[in-house]
Amino acid sequence: MRRHEVGGAPTDRDAERGWEVARPLGGTSLDGVRMAGYRDRAAAGLDLRVLPQPAVILVIGLGSEPLTVESATGQRPLRSLVAALSPGPARVRGERVECVEVRLSPRAAYGLLGASPPELDGTITSLADLWGARERRLRERLTEAATWQERLALTEEFLTKRAAAAPSMAPEVAAAWDTIVARRGRIRVGDLAASCGWSHKRLRTRFHAQLGLTPKRAAMLVRFDHAVRALCAGESASTVALTCGYADQPHLHRDVAALAGCTPGALVRRLTSAG
């Protein structure tokens, strides 16, 4: 069985390893939404360790077998799932996997999920628990579609209808998130609160209510995401610590251990290994 240890579904590199990968022609019209279709063409199997990342991931399974999600709460078969911004340690396995994956920015997720981010409680949960019968109908339509482009168009149509009735994130919270992303997590929460004209406590409360994370945790997550990309590009841990805003190399090691449960070197080996 081939293993894919990344934050979401298999990457473009996996197309060379027996995975069929399809993306919508011309992208999507929804801000903060990316999607792709994946099929385990070589029947190699999926064994995926979920990493925290600054996005909410939806996976809508189309195959005959459900995915198996292993987490701190036990093992659960899921046809479709949603992974929170910073899920706890989890593993997703499957055979002959075929699915549509949707990657939502926190701003998009706030309106499209139909649930408050704190309700996800930093876990991987069933998408059917959030969307009920709508999830089942969407999954059935996607399964019956003849081509990947039709499947992706149906997914975008479904999300567009949800977006039309979706609540808007508070402008101050949206601006705070955008600032964290633009600064790559290199900003003090006090400065962030001042830029919003809010107190530290009010920013923390409103930010957590709408994103499911505190501003400090969000900055840590964005910084970690950039660090992982730099490490996988071949930069040394000392260089990454300097360029990504860590106080020193031990600070980088502590954050990687907290978010990925391993050292930077071990993380790179996971992400770049074919199995």
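Start at 1 with the first residue, then count along the sequence.
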TODO: Report yes if the side chains of L267 and L51 come closer than 4.5 Å at any heavy-atom pair, otherwise no.
DONE: yes

- [ ] Report yes if the side chains of R103 and Q53 come closer than 4.5 Å at any heavy-atom pair, otherwise no.
- [x] yes

Open item on the list: Whether the side chain of R93 engages the backbone of T68 through a donor-acceptor N/O pair (distance < 3.5 Å, no angle test) should be reported.
Closed with: no

- [ ] Just say parallel, tilted or perpendicular for the rings of Y38 and W19, cut-offs at 30° and 60°.
- [x] perpendicular

Open item on the list: A side-chain contact here means heavy atoms from C-beta on lying under 4.5 Å apart; do L85 and V56 qualify?
Closed with: yes

- [ ] Compare all side-chain heavy atoms of T205 with those of W198 and state whether any distance is below 4.5 angstrom.
- [x] no

TODO: Return the minimal non-hydrogen interatomic distance between D40 and R96, and the atom names on each side.
DONE: OD2-N, 3.9 Å

Open item on the list: Does atom CD (E150) have a neighbourhood of more than 12 heavy atoms from anything else shown, all under 6.0 Å?
Closed with: yes

Task: Note: R39-E20 ion pair, threshold 4.0 Å (strictly below) - done: yes

Open item on the list: To check you understand the geometry: which heavy-atom pair defines the closest contact between A145 and L154, and what is its length?
Closed with: CB-CD1, 4.1 Å

Task: Ring centre gap for W131 and F158 strictly below 6.0 Å - done: yes

- [ ] For the pair S195 (side chain) and L192 (backbone), establish whether a donor and an acceptor sit closer than 3.5 Å, ignoring hydrogens and angles.
- [x] yes

TODO: Assess the side chains of T123 and T125: does a donor N or O sit below 3.5 Å from an acceptor N or O?
DONE: no

Open item on the list: Taking L112's backbone N and O only, do any of them form a donor-acceptor pair with R162's side chain (distance below 3.5 Å, no angle check)?
Closed with: yes

- [ ] Evaluate the side chain to side chain contact (heavy atoms under 4.5 Å, CB included) criterion for residues L58 and L113: first the C-alpha distance (whole Å), next the side-chain angles of each, then the deciding distance (0.1 Å), finally the verdict.
- [x] CA-CA 10 Å; L58 312 182; L113 280 184; 3.7 Å; yes

TODO: Taking all non-hydrogen atoms of both residues into account, name the closest pair between A176 and F207 and its distance.
DONE: CB-CE1, 3.9 Å

Report, one line per pair, each donor and acceptor closer than 3.5 Å where one atom sits in a side chain of residues 224-233; sequence neighbours left out.
residue, atom, partner, partner atom, Å
D225, OD2, R229, NE, 3.1

- [ ] Spell out, as yes or no, whether a donor-acceptor pair under 3.5 Å connects the side chain of Q149 to the backbone of L25.
- [x] yes

Open item on the list: If I take atom CZ from residue R204 and atom CG from residue L213, how far apart are they, to the nearest 0.5 angstrom?
Closed with: 10.5 Å

Task: Side-chain heavy-atom pair S80, I60 within 4.5 angstrom cut-off - done: yes

Task: Atom pair CD/CG of E101 and L81 - distance to nearest 0.5 Å - done: 9.5 Å

TODO: Kindly work out whether a path of hydrophobic side-chain contacts (I/L/V/M/F/W/Y, heavy atoms less than 4.5 Å apart) joins L130 to L142.
DONE: yes

Open item on the list: Please find the pair of heavy atoms, one from A219 and one from I180, that lie closest to each other, and give the distance.
Closed with: CA-CG2, 3.7 Å

Task: From CZ (R151) to CG (L62), nearest 0.5 Å - done: 5.0 Å

Open item on the list: Once salt bridge (charged side-chain N to carboxylate O under 4.0 Å, His left out) is applied, what residue pairs with a partner in residues 127-146 remain, sequence neighbours excluded?
Closed with: R76-D129, E135-R139, R136-E140

Open item on the list: Checking L259 against M220 for the side chain to side chain contact (heavy atoms under 4.5 Å, CB included) test, could you report, in this order, the C-alpha distance in whole Å, the side-chain angles of both residues, the deciding distance, and whether it holds?
Closed with: CA-CA 9 Å; L259 291 169; M220 178 182 179; 4.0 Å; yes

Task: ILVMFWY network linking L242 to V256, side-chain heavy atoms under 4.5 angstrom - done: no

Open item on the list: Once rounded to the nearest 0.5 Å, what's the spacing between atom CH2 of W177 and atom CG of L211?
Closed with: 6.5 Å

Open item on the list: Contact between D255 and H251 at the side-chain level, heavy atoms closer than 4.5 Å - yes or no?
Closed with: yes

Open item on the list: Do the side chains of D178 and R107 get close enough for a salt bridge, i.e. N-O under 4.0 angstrom?
Closed with: yes

Open item on the list: Within this structure, what is the CD1-CZ distance for the pair I124 and R91, rounded to the nearest 0.5 Å?
Closed with: 12.5 Å

Task: Minimal non-hydrogen separation, A163 against L30, with atom names - done: CB-CD2, 4.2 Å

- [ ] Decide yes or no for L203 and P215: does some side-chain heavy atom of the first lie under 4.5 Å from some side-chain heavy atom of the second?
- [x] yes

TODO: Can you establish whether the number of heavy atoms outside D191 located under 6.0 Å from its atom CG is more than 12?
DONE: yes

Task: Q210 (side chain) donor-acceptor with A170 (main chain) under 3.5 angstrom - done: yes

Open item on the list: I need the minimum non-hydrogen distance between E95 and G45, along with the two atoms involved.
Closed with: OE1-CA, 4.0 Å

Open item on the list: Quick check for you: to the nearest 0.5 Å, what is the distance between Q249 atom CD and S236 atom OG?
Closed with: 7.0 Å

